Asker: 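Mind having a look at this structure? Questions to follow.
Because the structure is predicted, anything quoted here is derived from the model rather than measured. Each ligand, and each atom within it, is numbered from 1 in the order the structure gives.
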Amino acid sequence: MEKRPIIAFDFASKHEIDAFLTHFPKDEKLFAKIGMELFYQEGPTIVHDLRSQGHDIFLDLKLHDIPNTVQKAMRGIAKMGVKITNVHAAGGVEMMRAAKQGLSEGTKENQAIPELIAVTQLTSTSEEQMHEDQLINVSLHESVLHYAECAEKAGLDGVVCSAHEVEKIHGKTNQQFICLTPGIRPQGTSVGDQKRVMTPAKAREIGSNYIVVGRPITQAEDPYQSYLQIKQEWNGEA
Ligand code: C5P
């Protein structure tokens with residue numbers, strides 16, 4: 001089956017989403033990442049609205065709280081019918097297990113349980129900051145791998161990570177473990193504020209399971225053409 005790049009819907013309002021979607025044919029069913037900026041602005045309605053148009057949702061809210069609270073929050077997230085959602089691995093193995101439990105409790109009978117992935121170290125955290133702020137004294141890389149292993153231990157489906165970390169993480173985890181990678185840039189497009197980018201073709205080659213692409217599609221002159229090109233490259237057809 002053809003894989004779709006997940007589009008980062010980094011928009012400020014439903015109004016902006018509606019304007020963006022006018023570039024796509026009505027029957028093109030997208031996979032949209034909704035982050036906390038948009039979710040806290042528009043609420044669950046935005047998820048229901050996009051789902052009712054046939055789009056799939058990765059709800060990127062990065063939960064991190066005590067296990068009981070996260071479990072109950074995840075029940076609510078599962079009821080929204082999203083495909084993927086996430087937590088911070090720093091919340092701990094017990095919290096991640098509780099999150100998974102909450103998702104399974106909240107999922108309606110005839111629906112699939114959303115995939116649950118963990119954020120390891122944020123890409124905005126430098127090794128120096130990690131040492132100073134979190135008092136974690138190993139390398140950033142080791143910390144990322146450790147968090148991936150904790151996520152696997154908790155029974156999560158995978159992690160969000162840099163495409164440059166995929167091979168190492170896949171080397172340490174089970175075969176089904178998912179690496180979802182942002183920071184994707186087709187050749188010749190603007191890198192923006194991303195530091196370590198990778199093309200869709202290379203991400204495919206090294207074994208990313210999902211790619212997240214924002215501005216190369218949302219800011220493109222022709223978002224639909226850009227989306228199709230990235231999708232082709234991601235599927236090894238370009
Ligand atoms: O526009 P761009 O393709 O850079 O968007 C990437 C998306 O992935 C943004 O929503 C960004 O917040 C998110 N993201 C990221 N790096 C991470 C985690 C999430 O770029 N490590």
Asker: Can you give each donor-acceptor pair under 3.5 Å made by side-chain atoms of residues 142-149, sequence neighbours left out, with the distance rounded to 0.1 Å?
Answerer:
residue	atom	partner	partner atom	Å
E142	OE2	S139	OG	3.3
S143	OG	Q121	NE2	3.0

Asker: Report all protein residues having a heavy-atom distance below 4.0 Å to some atom of ligand 1; order the list by chain, then number.
Answerer: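 Within 4.0 Å of ligand 1, protein side: A8, D10, K33, T123, P182, R185, Q194, V212, V213, G214, R215, P216.
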Asker: Are E105 and Q101 close enough that a side-chain donor and a side-chain acceptor fall under 3.5 Å?
Answerer: yes
Asker: Can you list everything that forms a ring pair (Phe, Tyr, Trp, His ring centres under 6.0 Å) with H88? Sequence neighbours excluded, please.
Answerer: H64
Asker: Considering only residues two or more places apart or on different chains, which pairs with a residue in residues 210-221 satisfy side-chain hydrogen bond (donor to acceptor under 3.5 Å, both in side chains)?
Answerer: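 Listed once each, the pairs are E115-Y210, D193-R215.
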Asker: Could you tell me whether K202 and E205 have a side-chain N and a carboxylate O separated by less than 4.0 Å?
Answerer: yes
Asker: Any Lys/Arg nitrogen of K29 or D56 sitting under 4.0 Å from an Asp/Glu carboxylate oxygen of the other?
Answerer: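 Looking at K29 and D56, the cut-off is not met.
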